[in-house]
Amino acid sequence: EKMSYTIYTKGITSNFLDKDGYKIGFWCYYLRTENTTELKCKVVKSEDAKKVTAPRMQLKSIIEALKFCENDSFVDSIKLYTNNQQYFKQCFENEKSRKKNKDLWAQIDKLKLDKGLIIFPEDKDNAVKQSRGMKILEAAIRDTQAHNNDWEEHTAHPSLNKEMED
């Protein structure tokens with residue numbers, strides 16, 4: 001049976017350095033199918049501030065979510081919701097649009113997924129920000145920050161039981 005995935009991704013950076021002077025970033029994705037939900041969050045630290053930017057964290061969340069789907073031979077479609085739908089859609093469709101983060105785009109290109117299955121639905125009236133998927137990601141970010149002010153690696157598990165709105 002063919003499987004449709006809905007994925008919400010978020011990538012952000014902190015406004016402060018940790019106690020060792022490292023730049024701190026955070027990526028998170030929430031994935032669901034008819035039978036599965038998956039929430040994964042990760043903190044990234046680097047001395048090199050160029051390695052921890054919001055676009056890089058966003059790309060990392062997309063890569064990790066797509067890796068989850070990579071080995072599923074029954075993928076019918078992947079609806080991908082991001083902080084910046086139009087930008088990522090343009091970069092997926094046109095490699096010339098990829099001015100930065102070429103190392104991460106190369107990882108996306110290496111994934112064993114039919115890129116034609118990946119859909120970036122239009123975000124009419126910023127509805128994605130109000131969706132259950134993005135609210136879950138926001139809760140995961142808050143949980144991670146509350147867990148440890150230094151944003152040590154931590155997986156957050158907000159309630160996934162309520163029906164998600166599209």
Side-chain angles (χ1 to χ4, degrees), residues 1-13 24-44 54-95 98 101 103-148 151-166:
E1 184 177 323
K2 293 287 188 179
M3 188 73 64
S4 293
Y5 288 87
T6 301
I7 300 171
Y8 294 85
T9 64
K10 191 154 182 83
I12 62 170
T13 57
I24 303 168
F26 179 88
W27 61 259
C28 192
Y29 73 79
Y30 172 68
L31 172 150
R32 72 175 171 101
T33 68
E34 195 173 297
N35 306 320
T36 307
T37 58
E38 164 87 356
L39 175 66
K40 187 171 183 183
C41 305
K42 181 137 180 170
V43 173
V44 177
R56 286 186 70 80
M57 295 300 98
Q58 183 66 51
L59 277 167
K60 197 68 178 136
S61 67
I62 291 170
I63 290 166
E64 294 301 320
L66 292 177
K67 280 182 183 177
F68 186 93
C69 307
E70 182 178 25
N71 297 319
D72 186 346
S73 58
F74 298 105
V75 175
D76 182 45
S77 68
I78 299 171
K79 288 182 187 171
L80 195 51
Y81 296 93
T82 70
N83 294 28
N84 190 339
Q85 292 285 94
Q86 287 305 107
Y87 169 73
F88 288 103
K89 180 180 183 192
Q90 181 180 342
C91 290
F92 261 81
E93 293 173 354
N94 182 355
E95 290 184 23
R98 303 173 185 179
N101 304 313
D103 59 324
L104 296 179
W105 283 109
Q107 288 182 42
I108 288 173
D109 290 338
K110 285 182 187 172
L111 290 172
K112 298 174 186 74
L113 280 169
D114 177 352
K115 302 302 184 287
L117 298 177
I118 299 170
I119 303 161
F120 288 86
E122 282 193 40
D123 185 10
K124 297 193 187 270
D125 302 323
N126 288 322
V128 171
K129 286 183 184 178
Q130 300 304 315
S131 68
R132 175 139 175 82
M134 281 300 179
K135 288 179 181 175
I136 286 170
L137 293 185
E138 293 293 338
I141 290 169
R142 283 192 304 276
D143 286 356
T144 301
Q145 289 173 312
H147 173 72
N148 185 320
W151 280 18
E152 291 299 326
E153 185 174 338
H154 169 67
T155 301
H157 294 285
S159 173
L160 302 177
N161 296 332
K162 294 181 183 172
E163 186 65 31
M164 181 194 286
E165 304 162 10
D166 279 332

Rounded to the nearest 0.5 Å, what separation is found between the [atom1] atom of [X] and the [atom2] atom of [Y]?
X: T33; Y: D76; atom1: OG1; atom2: CG; value: 12.0 Å
X: Y8; Y: Y81; atom1: OH; atom2: OH; value: 5.0 Å
X: M3; Y: L117; atom1: CE; atom2: CG; value: 13.5 Å
X: R32; Y: S4; atom1: CZ; atom2: OG; value: 10.0 Å
X: K10; Y: W27; atom1: NZ; atom2: CH2; value: 15.0 Å
X: Q107; Y: L59; atom1: CD; atom2: CG; value: 9.5 Å

Which residues share a side chain to side chain contact (heavy atoms under 4.5 Å, CB included) with [X], sequence neighbours left out:
X: E70; answer: K67, L111, K112
X: N94; answer: K96, S97
X: E34; answer: none

Please report the closest heavy-atom contact between [X] and [Y], naming both atoms and the distance.
X: T13; Y: A54; result: CG2-N, 3.5 Å
X: L66; Y: L113; result: O-CD1, 3.6 Å
X: M57; Y: I12; result: CG-O, 3.4 Å
X: T82; Y: Q58; result: CB-NE2, 3.6 Å

Using the ring pair (Phe, Tyr, Trp, His ring centres under 6.0 Å) criterion, which residues pair with F88? Sequence neighbours excluded. none
With sequence neighbours left out, the residues meeting side-chain hydrogen bond (donor to acceptor under 3.5 Å, both in side chains) with R98 are D109
D103: partners by side-chain hydrogen bond (donor to acceptor under 3.5 Å, both in side chains), with sequence neighbours left out: R56
Please say whether more than 12 non-hydrogen atoms of neighbouring residues, nucleotides or ligands are located less than 6.0 Å from NZ in K2. yes
Is the shortest side-chain heavy-atom distance between [X] and [Y] below 4.5 Å?
X: F120; Y: K79; value: no
X: F68; Y: T36; value: yes
X: F26; Y: C28; value: yes
X: C69; Y: I7; value: yes
X: Y5; Y: S77; value: no

Applying side chain to side chain contact (heavy atoms under 4.5 Å, CB included) between T9 and each of L31, I63, I62, report the one that passes. I62
Any chance you could lay out the side chain to side chain contact (heavy atoms under 4.5 Å, CB included) test for Y29 and E38, step after step, and finish with the verdict? CA-CA 8 Å; Y29 73 79; E38 164 87 356; 3.1 Å; yes
